[in-house]
Amino acid sequence: MAMTADTAVADSMARLTPLMLNHAAWVTHDVEATADFYMNIMGMELASTVIDDTIPSTGDPFPYFHIFFRMKDGSTIAFFEAPGLPPRPAVSHPAYDIFDHIALQAETRDEVDQWHQWLTDKGIDVVGPTDHGGLIYSIYFRDPNDIRLEITYPTDPEWNRHSAKGHADLTMWNEGKKRAVAAGRDVSEAMTELIAARRQMR
């Protein structure tokens, strides 16, 4: 069957994948402390800044200072300081404070340990090192904005090439949730059982 213009466009769009992470951005209430941390503790370059009184994408009238910090590969972390913003509301569950984080890659496993020493010498509380099942080796800590950061090194060189396993795991998880809902079960309890059963199969 001949491909129509619409299907050709859809096929082309389906193959679009971003090239790289340009930046991820968060709010800061103290850009001075944030700049000090990312430049003098994390060793990043101040890459760029933007100052404006409206948001270009929406037109909202928020005066702000936007700052970018550059890593070795050119990717950046960015922050906005906008006067008068209220404090961020408390999270509704402690898991949000653990799961939401930024992972930054070190060049070697030994460098993760060097980061641990450097950060603790600077009086920063560090969790780890943690070996995630032979996949990655990491430490965790927080920036002045209470954002959880991770310094990690992939101990499995193919850590981000396990697509077949990823698809199988995604199917298992989605189907497990659907079965739990259909049976009127507590989803968290059912998924805990599913994970335990999966672990025994290994």
Side-chain angles (χ1 to χ4, degrees), residues 16-132 135-155 159-160:
L16 283 175
T17 301
L19 173 65
M20 59 177 283
L21 177 66
N22 181 283
H23 71 276
W26 289 264
V27 168
T28 178
H29 292 279
D30 188 344
V31 75
E32 183 177 11
T34 296
D36 179 66
F37 179 84
Y38 280 94
M39 290 190 293
N40 298 319
I41 300 295
M42 301 305 297
M44 298 182 190
E45 292 286 342
L46 199 169
S48 190
T49 55
V50 177
I51 302 175
D52 208 340
D53 57 1
T54 57
I55 307 300
S57 58
T58 66
D60 286 304
F62 304 149
Y64 67 87
F65 186 92
H66 193 18
I67 190 166
F68 298 78
F69 304 100
R70 187 178 65 249
M71 289 173 269
K72 288 182 179 179
D73 73 341
S75 58
T76 63
I77 290 177
F79 292 88
F80 289 90
E81 181 179 280
L85 282 187
R88 193 182 296 274
V91 298
S92 56
H93 190 283
Y96 287 106
D97 273 335
I98 298 170
F99 293 153
D100 290 345
H101 69 283
I102 308 166
L104 309 174
Q105 186 164 315
E107 293 194 45
T108 65
R109 181 185 173 113
D110 286 344
E111 192 174 274
V112 176
D113 294 329
Q114 292 170 28
W115 273 103
H116 185 286
Q117 186 65 53
W118 167 255
L119 294 165
T120 53
D121 286 350
K122 295 295 183 182
I124 296 170
D125 292 331
V126 180
V127 174
T130 301
D131 188 340
H132 294 274
L135 192 71
I136 57 174
Y137 179 74
S138 303
I139 60 171
Y140 300 88
F141 53 101
R142 292 186 179 273
D143 82 349
N145 308 292
D146 204 32
I147 295 169
R148 193 176 199 227
L149 300 177
E150 174 184 359
I151 298 288
T152 188
Y153 177 72
T155 48
W159 77 274
N160 60 353

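The chain is numbered in sequence order, starting from 1.
Partners of Asp146 under the side chain to side chain donor-acceptor pair (under 3.5 Å) rule, at least two apart in sequence or in another chain, do not exist in this structure. Asp73 meets the side-chain contact (heavy atoms from CB on, under 4.5 Å) test with Met71, Ser75; sequence neighbours excluded. Shown here are the side-chain contact (heavy atoms from CB on, under 4.5 Å) partners of Thr120, two or more places apart in sequence or in another chain: His116, Gln117, Val126. Under the side chain to side chain donor-acceptor pair (under 3.5 Å) criterion, Tyr64 pairs with no residue, sequence neighbours left out. Annotation: side chain to side chain donor-acceptor pair (under 3.5 Å) contacts of Glu107 (sequence neighbours excluded): Lys72.
Residue Arg142 is tested with Val127, Asp97, Asp125, Ile124 for a side chain to side chain contact (heavy atoms under 4.5 Å, CB included); the sole match is Asp97.
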Give the intermediate values and the outcome of side chain to side chain contact (heavy atoms under 4.5 Å, CB included) for residues Gln114 and Trp118.
CA-CA 6 Å; Gln114 292 170 28; Trp118 167 255; over 6 Å; no

Let me see the working for His23 and Phe68 under side chain to side chain contact (heavy atoms under 4.5 Å, CB included), right down to the final yes or no.
CA-CA 8 Å; His23 71 276; Phe68 298 78; 3.8 Å; yes

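We find the CD1-OG1 distance between Ile136 and Thr152 to be 3.5 Å, quoted to the nearest 0.5 Å. The CD1 atom of Ile151 sits 6.0 Å away from atom CD1 of Ile139, with the distance rounded to the nearest 0.5 Å.
Both the sub-6.0 Å distance and the 45° axial angle are satisfied by Arg109 relative to the ring of Tyr137. The cationic group of Arg148 lies under 6.0 Å from the six-membered ring centre of Tyr140 and within 45° of the ring axis, placing it in a cation-pi geometry.
Nearest heavy atoms, Pro61 versus Thr54: CA-CG2, 4.1 Å. A pairwise comparison of heavy atoms in Leu135 and Asp131 identifies N-OD1, 4.4 Å as the closest pair. Between Pro83 and Pro63, the shortest heavy-atom contact is CD-O, 3.3 Å.
Each salt bridge (Lys or Arg N to Asp or Glu O under 4.0 Å) pair with one or both residues in residues 46-65, not counting sequence neighbours, would appear here, but there are none. Judged as a ring pair (Phe, Tyr, Trp, His ring centres under 6.0 Å), not a single pair has a partner in residues 81-112 (not counting sequence neighbours).
Side-chain atoms of Ser138 do not come within 3.5 Å of backbone N or O of Glu150 as any donor-acceptor pair.
Aromatic pair His66/Phe79: centroids not less than 6.0 angstrom apart.
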For residues 84-92, which side-chain donor-acceptor pairs fall under 3.5 Å, sequence neighbours excluded?
none

Which donor-acceptor pairs under 3.5 Å do side chains of residues 25-46 form with protein atoms, sequence neighbours excluded?
residue : atom : partner : partner atom : Å
Thr28   : OG1  : Asp30   : N            : 3.0
Thr28   : OG1  : Asp30   : O            : 3.2
Thr28   : OG1  : Thr34   : OG1          : 2.8
Thr28   : OG1  : Asn145  : OD1          : 2.7
Asp30   : OD1  : Glu32   : N            : 3.2
Asp30   : OD1  : Ala33   : N            : 3.1
Thr34   : OG1  : Asp30   : O            : 3.0
Thr34   : OG1  : Asn145  : OD1          : 3.3
Thr34   : OG1  : Asn145  : ND2          : 3.1
Asp36   : OD1  : Asn40   : ND2          : 2.7
Tyr38   : OH   : Asp143  : OD2          : 2.8

